[in-house]
Colleague: 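I'd like to ask some things about the structure below.
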Amino acid sequence: MVKVTLKDDSVREYEPGTPLNRIAQDISPRLGREALVAAVDGRLVDLSYPLHRDAAVEFYTFEDEPGRDAFRHSAAHVMAQAVKRLYPDVKLAIGPAIAEGFYYDFDAEKPFTPADLEKIEREMQAIVKEDLPFKRVEVSREEALERFSAAGEKYKVELINELPEDAVISYYQQGEFVDLCAGPHIPSTGRLKAFKLTSVAGAYWRGDERNKMLQRIYGTAFPKKSQLEEYLFRIEEAKRRDHRKLGVELDLFSIQEEGPGFPFFHPKGMVLRNQLEQFWREEHYKRGYQEIRTPIILNRSLWERSGHWEHYRENMYFTRIDDVEYAIKPMNCPGGILVYKSRLHSYRELPIRLAELGLVHRHELSGVLHGLMRVRCFTQDDAHIFMLPSQIREEIIGVIDLVDYFYGIFGFNYKVELSTRPEKSMGSDEIWEIATTALEEALKARGMKYKVNEGDGAFYGPKIDFHLEDCLGRTWQCGTIQLDFLMPEKFDLTYVGEDGQKHRPVMIHRVVFGSIERFIGILTEHFAGAFPTWLAPVQVRVLPIADRHASYARQVVERLEKENIRVELDARNEKVNYKIREAQAQKIPYMLVVGDREAREGTVAVRQRSRGDEGTQPLEEFVARILEEIRTKAIG
RNA sequence: GCUGGUGUGGCUCAGGGGUAGAGCAGCGCACUCGUAAUGCGCAGGUCGUCGGUUCGAAUCCGACCACCAGCUCCA
């Protein structure tokens, strides 16, 4: 008998050679139905895998990442099978599972059209109905090469040739279709109950633009119809919340042909911006930051010294003044460093926290520009902290706390990633090691869960990234903390220590919002344009019912203005219904309807944009209530 | 930057070799109205830009520009 240790540490015994699916079935009929793949001593395998030795076994369903990935990956194989049935000359490249579904890259003579997608989908349905089992076959390298060369699958041959010496080479077969694949796969095609092909796009073989462009078909798949429908609804919802669309409708900002990637902020967008900045300043002053502002254009020699010329030139804009070369800043750090260097510093002053809402310009490829999310100029809510080596941990923790507080205010959850040394970088391995360890220790001290992103750091130091999660579950990189031993070296930064000697400070670069522009974009989509009252460009609109109520309406407006509440009067000659409809469309938090009764009694009829008619209350009561809501930055 | 698609009044969109149309928004007039669209009228466009084909181009062709979906890259 073989001993099977399960996730809950219970142990069961089975005949040697018992396949995993039978074990799952034995544990519970439900697990037998829902299990998709399993791990044996941590190695992912198919459910048909026969167990010959004692092992720890874990089963995965669609609810677990390995299960979900195998499910979508299997869907990709089914799609490839359908494509091969319909278009036998198409060559297969790769077809992995991705976060929300799967894709498969094909080398096809003619690009696929939407009509082709429908045809492929129908063929996939047929394959699902055939309920073909996925069969794993392990082969020698020679055998694999022979099989895929004979089939003319040149991309597969290329992949096989690049597999490491000791790799186990396997292919999977369902029906007549064979694909090179490490697996694992779900038991059979019949499990793919709900799927949809979503789009086609060009994609280079291996993501390299020097290679041939292939046709990539994206799709998604779920075990239940309802899950697919929910997913499709979420896509629609994301479209409805698109900040580019809402930006026009709510008159927040615009992007014009005259300045691709350079957004214009309109009065209402500026209110949002200014509220964010005001909040930001208050919170930074509280935490011992001092605000500075550094020039946008600085001499090229500065950028040569900082390493930007060498490492970041392709992303920079340059200009010439009186025959001298200048650069438009893509980052704020050199400017901040010059401020630090402008005089001598004592160890007693440290840490010095210099904050800057700095406008930076970066040359981004034209194809990547996207509303406020990806632009060519943006404002970083930057700060550079100059400190003693002994202060590193505490300062990093301070920034983590600040970020945590900020995101909480907007109701965002977030995830943390630690990025390590990239290929294109400067400095010694030791320095990188020290900096990376310092970041890691701060994260551990704060008890934070994090993921390591190898090679994703800045060219001058490793970083902690904060990815916030919006209401649709999408993640956005906003805050970062970068620890930097190199710039202080390059710029010969010093402080005078207790011993009267000069020492080298350490720097932190950090942002919380990341880019004010992007953050506004994210907020717009997160709240679907219905900003919390403290942020709303217009907080209240007063709606007189008829002309004779205009003067009372004006009194109400004046009262609210006295409290610095952002209020508008809609005295147009229109019906209340019409005015309400418009105020709702503008997502104004409060509508105050005033007529004879209100004018007589000094009250307002309150309509809240999401809760609807809330009845009549004394004006003063309403004032107190909305001021409290603004003060506490209440959400929703 | 690359691949594919799109470009008609402020917005959404129809039309399509003979010289432009709707709805909404705007403006005017009437109605004086109680919680998501009152009615009537008026005005508004060198059909992205430049070039070509043609007797004639918004329509066909080409280049460029911008946008959209991806690829690659990032705040």
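Order of the sequence lines fixes the chain letters, A, B, ..., with proteins taken first and strands second; residue numbering starts at 1 for each chain. Heavy-atom basis, side chains included; hydrogens, waters and symmetry copies ignored.
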Colleague: Checking only heavy atoms, does the side chain of A:R609 share a donor-acceptor pair with the base of B:A36 at less than 3.5 Å?
Modeller: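 Answer no: no donor N or O sits under 3.5 Å from an acceptor.
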Colleague: Which part of the nucleic acid, if any, lies within reach of A:R611 when heavy atoms closer than 4.0 Å are counted: base, sugar-phosphate only, or nothing?
Modeller: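 Contact class for A:R611: none.
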Colleague: Could you tell me how far B:U49 sits from B:A30 if I compare only their C1' atoms? Round to whole Å.
Modeller: 45 Å
Colleague: Distance between the P atoms of B:A57 and B:C47, in whole angstroms?
Modeller: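 It works out to 12 Å between them.
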Colleague: Classify A:V375 by what it touches in the nucleic acid, base, sugar-phosphate, or nothing, heavy-atom distance under 4.0 Å.
Modeller: base
Colleague: Rounded to the Å, how far apart are A:M373 CE and B:A75 P?
Modeller: 15 Å
Colleague: Stacking between A:Y578 and the base of B:A36 (centre distance under 5.5 Å, interplanar angle under 30°)?
Modeller: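 So no, this residue does not stack on that base, at least one cut-off failing.
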Colleague: Between A:N577 and B:A36, is there a side-chain N or O to OP1/OP2 distance below 4.0 Å?
Modeller: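 Result: yes.
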Colleague: So that I know where these two stand, are A:F378 and A:H361 an aromatic pair - ring centroids less than 6.0 Å apart?
Modeller: no
Colleague: Who are the salt bridge (charged side-chain N to carboxylate O under 4.0 Å, His left out) partners of A:D251, not counting sequence neighbours?
Modeller: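 Result, salt bridge (charged side-chain N to carboxylate O under 4.0 Å, His left out) vs A:D251: none returned.
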Colleague: Any side-chain N or O of A:R374 less than 4.0 Å from the OP1 or OP2 oxygen of B:C68?
Modeller: no
Colleague: Under 4.0 Å, heavy atom to any atom of RNA chain B: which of residues 363-371 of chain A qualify?
Modeller: A:E364, A:L365, A:S366, A:G367, A:V368, A:L369, A:H370
Colleague: Can you list everything that forms a side-chain contact (heavy atoms from CB on, under 4.5 Å) with A:Q608? Sequence neighbours excluded, please.
Modeller: A:Y590, A:S610, A:R611, A:E614
Colleague: A quick test of your reading: do over 12 heavy atoms of other residues, nucleotides or ligands sit less than 6.0 Å from CD of A:E158?
Modeller: yes
Colleague: Does the ring center of A:F279 lie less than 6.0 Å from the ring center of A:F406?
Modeller: yes
Colleague: Answer with base, sugar-phosphate or nothing: what part of the nucleic acid does A:R362 contact at a heavy-atom distance below 4.0 Å?
Modeller: base
Colleague: Looking at side-chain heavy atoms only, is the closest gap between A:Y414 and A:C478 below 4.5 Å?
Modeller: no
Colleague: Determine the contact category for A:E598: base if any of its heavy atoms lies under 4.0 Å from a base atom, sugar-phosphate if only primed atoms, P, OP1 or OP2 are that close, otherwise nothing.
Modeller: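 A:E598: base contact, heavy atoms under 4.0 Å.
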Colleague: Hey, is the side chain of A:N573 pairing donor to acceptor with the base of B:C31 inside 3.5 Å?
Modeller: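 A donor-acceptor contact between them is present.
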Colleague: With rounding to the closest Å, how many angstrom separate the C1' atoms on B:G23 and B:G9?
Modeller: 13 Å
Colleague: When all nucleic acid strands are considered with a 4.0 Å heavy-atom cut-off, which category describes A:Q477: base, sugar-phosphate, or nothing?
Modeller: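 Sugar-phosphate contact only - A:Q477 comes under 4.0 Å of backbone atoms but never of a base.
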Colleague: So A:R244, base contact, sugar-phosphate only, or nothing? Heavy-atom distance under 4.0 Å.
Modeller: sugar-phosphate
Colleague: Taking only side-chain nitrogens and oxygens of A:Q380, does any of them come within less than 4.0 Å of OP1 or OP2 of B:A75?
Modeller: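 Indeed not, no polar side-chain atom of A:Q380 lies that close.
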Colleague: What I'd like to find out is whether the side chain of A:E620 reaches to under 4.5 Å of the side chain of A:R559, using heavy atoms alone.
Modeller: yes
Colleague: What's the CG-C1' distance between A:L543 and B:C33, to the nearest Å?
Modeller: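 The answer, rounded to whole Å, is 13 Å.
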